[in-house]
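Here is the structure we will look at.
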Amino acid sequence: MNTKPYQRKVYWNEPTMTWWERAYLFEILRGLGITGGVFLGNMWRWMTGRKGALTTYYPEETRADYAAGNRGKHILTQRPDGTPQCIACNMCATVCPAQVIEIDAAFDPDDPAHPKYPSRFEIDYSRCIFCGLCVEACPEDAIRMVKEVPELPSADREHMWLKMDELLTWNPQSDVAKPYPPKGGA
Ligand code: SF4
Ligand code: SF4
């Protein structure tokens with residue numbers, strides 16, 4: 001039988017407290033005083049028509065300080081002639097876990113360099129989970145997510161379908177490093 005006496009282990013970050021803190025009640029009262037002061041201060045600002053706490057009253061208000069890497073609204077990048085950089089390969093739609101990307105592919109016989117293009121490209125934002133996998137999967141840098149969030153709130157789910165026009169023309173972007181032969185050139 002092990003008769004070794006119990007020895008409490010002393011940790012490197014062992015808290016050290018004064019007798020005042022050990023008394024517990026005084027610290028509880030101090031914490032309640034801090035919380036109550038912030039609450040009453042915010043309440044007073046609110047009652048006098050000013051903004052109190054840092055809460056953003058979405059959707060009436062939106063934040064202006066989204067992180068640069070925030071996965072917000074999708075955009076489709078454009079070629080120099082304004083056509084979508086997308087080649088309608090369906091990689092993004094295939095990888096999308098929520099299955100919210102719908103693409104109709106079309107063929108342009110006058111453009112031998114990139115004959116396949118999307119005639120319809122839509123995203124259903126009512127089900128998108130903003131995971132960014134579509135952006136990762138795209139071999140053409142044709143779809144990106146910018147930090148601004150889409151204006152989602154709506155009583156109509158139809159409003160939450162983003163069509164190709166908006167994806168292309170809202171905040172248009174292109175990949176300047178990518179050379180494209182002009183239409184008609186091989
Ligand atoms: S962000 Fe995710 S859920 Fe939304 S469209 Fe892209 S892959 Fe689908
Ligand atoms: S956005 Fe990219 S991944 Fe999606 S269909 Fe177009 S080229 Fe393919």
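Residues: numbered from 1 along the sequence shown. Source: prediction; values computed, not measured. In each ligand, atom 1 is the first atom listed, and ligand 1 is the first ligand listed.
- If you check the side chains of Asp81 and Thr83, you find a donor sitting under 3.5 Å from an acceptor.
- The protein heavy atom nearest to atom 3 (S) of ligand 1 is Ile129 N, 3.4 Å.
- The protein non-hydrogen atom at the shortest distance from atom 7 (S) of ligand 1 is Cys134 N, 3.3 Å.
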Audit row: His159, Asp156, side-chain hydrogen bond (donor to acceptor under 3.5 Å, both in side chains) steps and yes/no: CA-CA 6 Å; His159 178 75; Asp156 181 5; over 6 Å; no
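- When hydrogens are left out, the protein atom nearest atom 8 (Fe) of ligand 2 is Cys89 SG, 2.3 Å; that is the closest non-hydrogen contact.
- Residue Gln78 comes nearest to Pro172 through the heavy atom pair NE2-CB, 3.6 Å, listed as atom of the first residue, atom of the second, then distance.
- Between His74 and Tyr125, the ring center distance clears the sub-6.0 Å criterion.
- Around atom 4 (Fe) of ligand 2, the closest heavy atom drawn from Cys92, Ala88, Ala105, Cys96 belongs to Cys92.
- Close contacts of ligand 2 with Asn90, meaning ligand atoms under 4.0 Å from a residue heavy atom, involve 5 (S), 8 (Fe).
- Close contacts between ligand 1 and His74 involve ligand atoms 1 (S), 5 (S), 6 (Fe) [criterion: under 4.0 Å to a heavy atom].
- Distance check, rounded to the nearest 0.5 Å: CG of Asp124 to SG of Cys96 gives 9.5 Å.
- Residue contacts with ligand 2 include Pro139, since one or more of its heavy atoms lies under 4.0 Å from the ligand.
- Under a 4.0 Å criterion applied to the non-hydrogen atoms of Val100, ligand 1 contributes the atoms 5 (S), 8 (Fe).
- Between Glu21 and Arg30 there is no salt bridge, since no side-chain N of the basic residue sits under 4.0 Å from a carboxylate O of the acidic one.
- Atom CG of Asp111 is separated from atom CZ of Arg79 by 7.0 Å, given to the nearest 0.5 angstrom.
- Shown in contact with Ile103 at under 4.0 Å from a heavy atom are these atoms of ligand 2, numbered in order with element: 5 (S).
- Among all non-hydrogen protein atoms, the one lying nearest atom 6 (Fe) of ligand 2 is Cys86 SG, 2.3 Å.
- Across Val100 and Trp161, no two heavy atoms sit closer than the pair O-CZ3, 4.5 Å.
- Taking each heavy atom of Ile143 and Cys134 in turn, the nearest pair found is CG2-O, 3.7 Å.
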Stepwise side chain to side chain contact (heavy atoms under 4.5 Å, CB included) check, Leu168 with Ile75: CA-CA 6 Å; Leu168 274 172; Ile75 55 164; over 6 Å; no
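- Short contacts between ligand 1 and Ile101, defined as distances under 4.0 Å to a heavy atom of the residue, involve ligand atoms 5 (S).
- Nearest protein heavy-atom contact of atom 2 (Fe) of ligand 2 is Cys138 SG, 2.3 Å.
- Listed by atom number, the atoms of ligand 2 under 4.0 Å from Ile87 heavy atoms are 6 (Fe), 7 (S).
- Salt-bridge annotation for Lys9 and Glu14: absent, with no side-chain N of the basic residue lying under 4.0 Å from a carboxylate O of the acidic one.
- At a 4.0 Å heavy-atom cut-off, ligand 1 does not touch Arg127 at all.
- Interface atoms of ligand 1 facing Phe130, defined by a heavy-atom separation under 4.0 Å, are 1 (S), 4 (Fe).
- Under a 4.0 angstrom heavy-atom cut-off, Arg71 registers as lying outside contact with ligand 1.
- At least one N/O/S atom of Cys128, from backbone or side chain, sits under 2.8 Å from atom 4 (Fe) of ligand 1.
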